[in-house]
Each structure stands twice: as C-alpha cells, then as structure tokens.
Amino acid sequence: MPSQKVLLIYPLLNRTKGERDYHWFPFSVLPIAKSLRELNLEPIVVDRRVEPESIETIKGHLQDSLMVGISALSGYQITDGLHVAKIIRGLRPDVPIVWGGWHSTILPEETAQDSCVDVAVAGRGEDAIKDIARSYLGAKGLGSIKGIAFSDDKEVRFTGYRETKQFVDDVRGYDDFIDVKRYINPKTMAIGYFSGHGCSFKCGFCSRHFMTNKYSPKPIERVMDELAYYITKYGFKHIHFQDDNLFLDIRRVIELSKAIVNADHDVSWWANVR
Ligand code: SF4
C-alpha cells in the first residue's frame, strides 16, 4: 500500500515573484519533512518561491494527502499561505491544514481562530508534527498534544508550549526533498546554513525565546562534514551562517574559522554579529 503524503508548503515571502534572485532553503519545513518520513509518510515540499508551477503541484498531490502543513512568518507569507489554503479548502475540505513557523509560534491562539487553520503549532515542530500525524491517523485526539492550538467545539484551545530541547538536525538529508539547483545563485554561489540554533539570552524585544531559549550548537566536526557535503556536491563558494547568535561563544567561532581554513574548501563566509 503506498504511503500517505503530507504536503509541506513554504509560501511566498514577497508580493512580487522573482524580485529576489537568491532563496535560502526552506529551513522551517525541511526538518518537518525528515520527521514525517520517520513515520513512513511521504513528505512533499512545495516552495512557492522557486516553483512557478506550485499550485499545480499541490493539486496533483492533494488527493493522496493525509494533511497539509504551511509555514509562515508574520507578514506577506501569511497572505500567500492563506491564498493557497483557500484553494486547498475548496478542493479537499476534509484535509486538515496545520500551520507552523514564527507567526504561529508567537500567536498560536489567534492563528487557530482562522477558518483555514485546523492546528497551529507553537515552537519547533519536529516532535509536534509526528504527534499531529499520528492523531490524524487515528492514534489519539489533538487535546493530548503539547505545543498546539486548535478549535474544539468552536473554542480555541492552546495546550501550552512544549518544553524546549536541543535541536541540531543533520542537514545532509535535505536535498532528498528539494531541488538544490533551484536555490543556487550563480553570482554568489552562497549557501545559507545554521551551525546551531537558539540563544541563551532573553532580550525582551527578541522573538527567539518563543522558539527555544536553549543554545544548541553543533559540534564543529559535524558542521564541517555537513558543509563539505554541500560544497563538494553543489559547488557552493560562500557560506552565510544564519545562526541566531553565532558569536555567543567566541572560542567556538575561532575553532570554526580555523576548521574552515584547514579544510581548504576555497570558500568565504559571513555572519551577523550582535
Ligand atoms: S539573539 Fe540577540 S537579541 Fe535575541 S535574545 Fe539572543 S542576544 Fe538577545
């Protein structure tokens, strides 16, 4: 029996398609795809930024889908996500739509009020999505799942944030789900990469602590193995570290810098310093 599919949609970030000539990998949905594959489901990642035919792709997979996931930052990505969700509702009103990403994390109850939202995930979704999938496969009700908001008898229930844990996903499987060539800008040959997640500070104006307040750095050896995989396979020449706070541990940054030089990959790198 073929496995059931789960569409994972990364909506447009901007109103004008093609206004940017470079796109980072859809980092918010790729770890979710890996989690779902552990349940023998078939994740289908649809990145609206790089797939002009994305609506046709979604329609093509919808018939065999257990549920749909949509990831959105606050802003235009919600508008585009709702546009896609309405198409899905029109074609398959029985397929649950699960929203995740920054907006759902910060405002889970408000997100769950929309008629195009069945479940809003708050925080990192690698574990929550497996519980949600099991629920829709008939294992248990949504009410026992931590870290989600959903409508229950016309009232929105929020089950509370999950306890944060360290997430250091290995990115080497990501190219099973996306066509990496669509993300390569020949002018920059840059790859976006997280060598770790989180930040141990809790600045009041910063959104990071909604996702996790644990600093989860990958071991430098692992970082170099993951980067070597993409540099060797796809020819990237520049690394854009997108860590929440790469310079939190300056000794680790020095170790990382030396490892990059010693690896002799002929790459440059860039990161924000806070
Ligand atoms: S990432 Fe920067 S702004 Fe956010 S909590 Fe850490 S130090 Fe503060």
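Predicted model, so just to flag it, every value in this text is computed and none were measured. In each ligand, atom 1 is the first atom listed, and ligand 1 is the first ligand listed.
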For the pair T105 and R124, evaluate side chain to side chain donor-acceptor pair (under 3.5 Å) and give the outcome as yes or no after the intermediate values. CA-CA 8 Å; T105 291; R124 294 196 65 93; over 6 Å; no
Output, in order, the C-alpha distance, side-chain angles, deciding distance and verdict of ring-ring contact (aromatic ring centres under 6.0 Å, His included) for Y174 and F25. CA-CA 9 Å; Y174 285 179; F25 295 170; 7.2 Å; no
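Contact annotation: the side chain of L13 never approaches that of D80 to less than 4.5 Å [non-hydrogen atoms, C-beta and beyond].
Protein contacts to atom 8 (Fe) of ligand 1 involving N, O or S atoms at a distance below 2.8 Å are C203 SG.
P26 and V45 get closest at one heavy-atom pair: CG-CG1, 4.3 Å. Heavy-atom minimum distance, C116 versus L82: CB-CD2, 3.9 Å.
With sequence neighbours left out, the side-chain hydrogen bond (donor to acceptor under 3.5 Å, both in side chains) criterion links Y136 to no other residue.
Atoms of ligand 1 lying under 4.0 Å from any heavy atom of D244, numbered from 1 in the order shown and given with element: 1 (S).
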